[in-house]
Amino acid sequence: MSQPEPMLRVEELQVSVGDHLLAVRDVSFRIGRGESVGLVGESGSGKTITCRSVLGLLPGTGEVDHGSIRLGSGADEVELTRARRSTWNQIRGTRVAAVFQDPASYLNPSLTVGHQVDEVLRVRGGLGRRAARERTLELLVEVGLHDAERVYHCYPFELSGGMLQRVIIAIAISLNPELLIADEATTALDTVVQAEILELLQRLRRTHQLSLLLVTHDLAVVAETCDRVLVMYAGQIVESGPTAQVLGDPQHPYTQALMGVASIGDWSRRTLDTIPGQPPAAGEEMPGCRFAPRCRYAADECVQGPIQLRSVDAERASRCVRVAVPA
């Protein structure tokens with residue numbers, strides 16, 4: 001199967017926060033043009049830090065210590081780990097955009113929704129007042145806000161959480177970015193609205209030819225929306241590959257444990273599995289596999305040294321010594 005042209009390539013990314021605590025270590029992945037990739041793992045696994053590294057929005061104590069983040073390909077390729085502020089000002093919104101949870105915190109409560117979308121189109125998009133207003137109304141309709149004229153004049157506190165998230169998505173796609181990062185964008189929404197937002201993201205991916213990085217802790221969401229999945233644990237990617245294959249036949253014990261916790265599609269179960277123990281503290285150094293203290297298969301070889309991602313087949317990889325390397 002031919003691979004899509006790469007839109008984002010992250011190689012050997014290492015990010016520290018605070019007192020040189022490693023929050024992300026040896027993270028490598030790619031996202032093809034028009035591809036949807038899910039990034040899953042427990043809270044604190046490094047998902048958000050990875051995304052904020054791609055966006056150049058690490059917290060004040062965060063720093064990329066090693067690795068490469070390249071956006072685009074050929075003549076349009078940009079190395080983001082060395083990008084200056086002026087470059088980021090040009091890239092954010094126009095080439096890469098993001099949608100986060102709690103949309104109300106990203107909108108000014110004292111300005112109408114229409115004013116805030118207009119502002120992006122006028123300042124960044126160069127549109128005049130009338131053209132910006134017309135385009136804003138088109139965007140509001142496109143993201144499913146059919147009473148666009150009323151919503152345009154509303155303040156954020158007058159809209160529901162689902163409506164606010166649609167407004168944020170409208171702002172995110174307003175300048176036609178190539179890559180959209182959705183970081184837990186549906187976490188705080190009820191089940192019905194969550195499904196609507198996910199369907200919207202999928203529709204926009206098709207109509208705008210977007211590449212999508214979907215960050216979530218919900219494997220059911222990934223199963224429904226993503227072409228490929230990356231599983232993170234304690235700052236590392238421990239498994240990757242086509243979604244159907246990874247979720248249908250997980251190779252890493254952590255992915256297997258997540259599947260037991262999620263129990264996707266098996267509604268007859270009265271109880272869900274649990275994963276014993278706790279993840280290592282942020283930045284904690286330990287020999288070998290970082291999941292070993294919680295793994296039922298752990299053996300001496302698991303803690304004798306760093307465990308590298310090992311190819312399961314042409315499209316899949318797992319960070320586990322139990323994986324049989326293809327001949």
Can you check whether [Y]'s main-chain N or O pairs, donor with acceptor, with [X]'s side chain at less than 3.5 Å?
X: Thr255; Y: Pro250; answer: no
X: Arg290; Y: Glu284; answer: yes
X: Arg9; Y: Phe29; answer: no
X: Gln251; Y: Asp249; answer: yes
X: Glu239; Y: His252; answer: yes
X: Thr94; Y: Pro177; answer: no
X: Gln101; Y: Asp183; answer: no

Give every residue pair that meets the salt bridge (Lys or Arg N to Asp or Glu O under 4.0 Å) criterion with at least one member in [range], sequence neighbours excluded.
range: residues 204-226; result: Arg205-Asp227
range: residues 38-48; result: Glu42-Arg294
range: residues 78-89; result: none

Spacing of [X] atom [atom1] and [Y] atom [atom2] [to the nearest 0.5 Å]:
X: Leu309; Y: Asp26; atom1: CG; atom2: CG; result: 7.0 Å
X: Leu107; Y: Gln165; atom1: CG; atom2: CD; result: 9.5 Å
X: Ser240; Y: Leu39; atom1: OG; atom2: CG; result: 11.0 Å
X: Gln202; Y: Ser36; atom1: CD; atom2: OG; result: 5.0 Å
X: Leu145; Y: Leu159; atom1: CG; atom2: CG; result: 7.5 Å
X: Arg133; Y: Leu121; atom1: CZ; atom2: CG; result: 13.0 Å

According to a 4.5 Å side-chain heavy-atom criterion applied to Ile, Leu, Val, Met, Phe, Trp and Tyr, with indirect links allowed, do [X] and [Y] form part of one hydrophobic cluster?
X: Val37; Y: Val222; result: no
X: Leu57; Y: Leu213; result: yes
X: Val99; Y: Ile91; result: yes
X: Val312; Y: Leu230; result: no
X: Val323; Y: Met232; result: no

Problem set entry | Results of side-chain contact (heavy atoms from CB on, under 4.5 Å) for Ala244 - residues two or more places apart only |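 For Ala244 there are no side-chain contact (heavy atoms from CB on, under 4.5 Å) partners, ignoring immediate neighbours.
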Between [X] and [Y], does at least one N-O distance fall below 4.0 Å, as a salt bridge requires?
X: Glu5; Y: Arg30; result: no
X: Glu138; Y: Arg135; result: yes
X: Glu134; Y: Arg129; result: no
X: Arg130; Y: Asp118; result: no

For this session: List the steps and the verdict of side-chain contact (heavy atoms from CB on, under 4.5 Å) for Val321 and Ile307.
Result: CA-CA 7 Å; Val321 298; Ile307 310 298; 3.6 Å; yes
Problem set entry | Check against side-chain contact (heavy atoms from CB on, under 4.5 Å), Val78 and Leu80 | CA-CA 6 Å; Val78 181; Leu80 299 182; 3.8 Å; yes
For this session: Could you note down all residue pairs passing ring-ring contact (aromatic ring centres under 6.0 Å, His included) where residues 149-189 supplies at least one of them, sequence neighbours left out?
Result: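 The answer is none; no pair qualifies.
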Problem set entry | Results of ring pair (Phe, Tyr, Trp, His ring centres under 6.0 Å) for Tyr106 - residues two or more places apart only |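 Residues passing ring pair (Phe, Tyr, Trp, His ring centres under 6.0 Å) with Tyr106: Phe100.
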Locate the shortest heavy-atom distance separating [X] from [Y]; write the atom from each residue and the value.
X: Ala170; Y: Leu139; result: O-CD1, 4.0 Å
X: Ser174; Y: Ile171; result: OG-O, 2.7 Å
X: Ala98; Y: Leu55; result: CB-CD1, 3.6 Å

Looking at side-chain heavy atoms only, is the closest gap between [X] and [Y] below 4.5 Å?
X: Val15; Y: Leu22; value: no
X: Leu180; Y: Leu201; value: yes
X: Cys289; Y: Cys295; value: no
X: Val27; Y: Glu12; value: no
X: Val221; Y: Leu198; value: yes
X: Leu164; Y: Pro156; value: yes
X: Arg319; Y: Arg310; value: no
X: Ile197; Y: Ile169; value: yes

Problem set entry | Pairing residues for Gln256 by the side-chain hydrogen bond (donor to acceptor under 3.5 Å, both in side chains) criterion, not counting sequence neighbours |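 With sequence neighbours excluded, Gln256 shows a side-chain hydrogen bond (donor to acceptor under 3.5 Å, both in side chains) to no residue whatsoever.
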Problem set entry | side-chain hydrogen bond (donor to acceptor under 3.5 Å, both in side chains) partners for Gln14, two or more places apart |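 Result, side-chain hydrogen bond (donor to acceptor under 3.5 Å, both in side chains) vs Gln14: none returned.
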Exercise. Residues in salt bridge (charged side-chain N to carboxylate O under 4.0 Å, His left out) with Asp147, at least two apart?
Worked result: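 Asp147: salt bridge (charged side-chain N to carboxylate O under 4.0 Å, His left out) contacts with Arg150.
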Exercise. Taking only residues two or more places apart in sequence, or in another chain, which ones meet Arg124 in a salt bridge (charged side-chain N to carboxylate O under 4.0 Å, His left out)?
Worked result: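 Per chain and number, Arg124 pairs via salt bridge (charged side-chain N to carboxylate O under 4.0 Å, His left out) with no residue.
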Problem set entry | Cation-aromatic face contact Arg322/Tyr297, 6.0 Å, 45 degrees |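 Ring-cation test returns yes.
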Exercise. Step by step, would you call Glu178 with Val96 a side-chain contact (heavy atoms from CB on, under 4.5 Å)?
Worked result: CA-CA 6 Å; Glu178 302 160 86; Val96 58; over 6 Å; no
Exercise. Any side chain to side chain donor-acceptor pair (under 3.5 Å) pairs touching residues 49-62, not counting sequence neighbours?
Worked result: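 Matches after skipping sequence neighbours: none remain.
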Problem set entry | Sequence neighbours excluded, every pair satisfying side chain to side chain donor-acceptor pair (under 3.5 Å) that has a member inside residues 189-200 |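 For residues 189-200: Arg166-Glu196, Thr186-Gln194.
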For this session: Decide side-chain contact (heavy atoms from CB on, under 4.5 Å) for Val167 and Val143; before the verdict, give the C-alpha distance in whole Å, the side-chain angles of both, and the deciding distance to 0.1 Å.
Result: CA-CA 8 Å; Val167 171; Val143 298; over 6 Å; no
For this session: Using the side-chain hydrogen bond (donor to acceptor under 3.5 Å, both in side chains) rule, pick out the option among His66, Glu285, Gln236 that qualifies with Arg25.
Result: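 One option only clears the test, and that one is Glu285.
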For this session: Check the pair Glu142, Arg203 against salt bridge (Lys or Arg N to Asp or Glu O under 4.0 Å), reporting the backbone distance first and the verdict last.
Result: CA-CA 10 Å; Glu142 185 174 9; Arg203 177 165 54 81; 5.3 Å; no
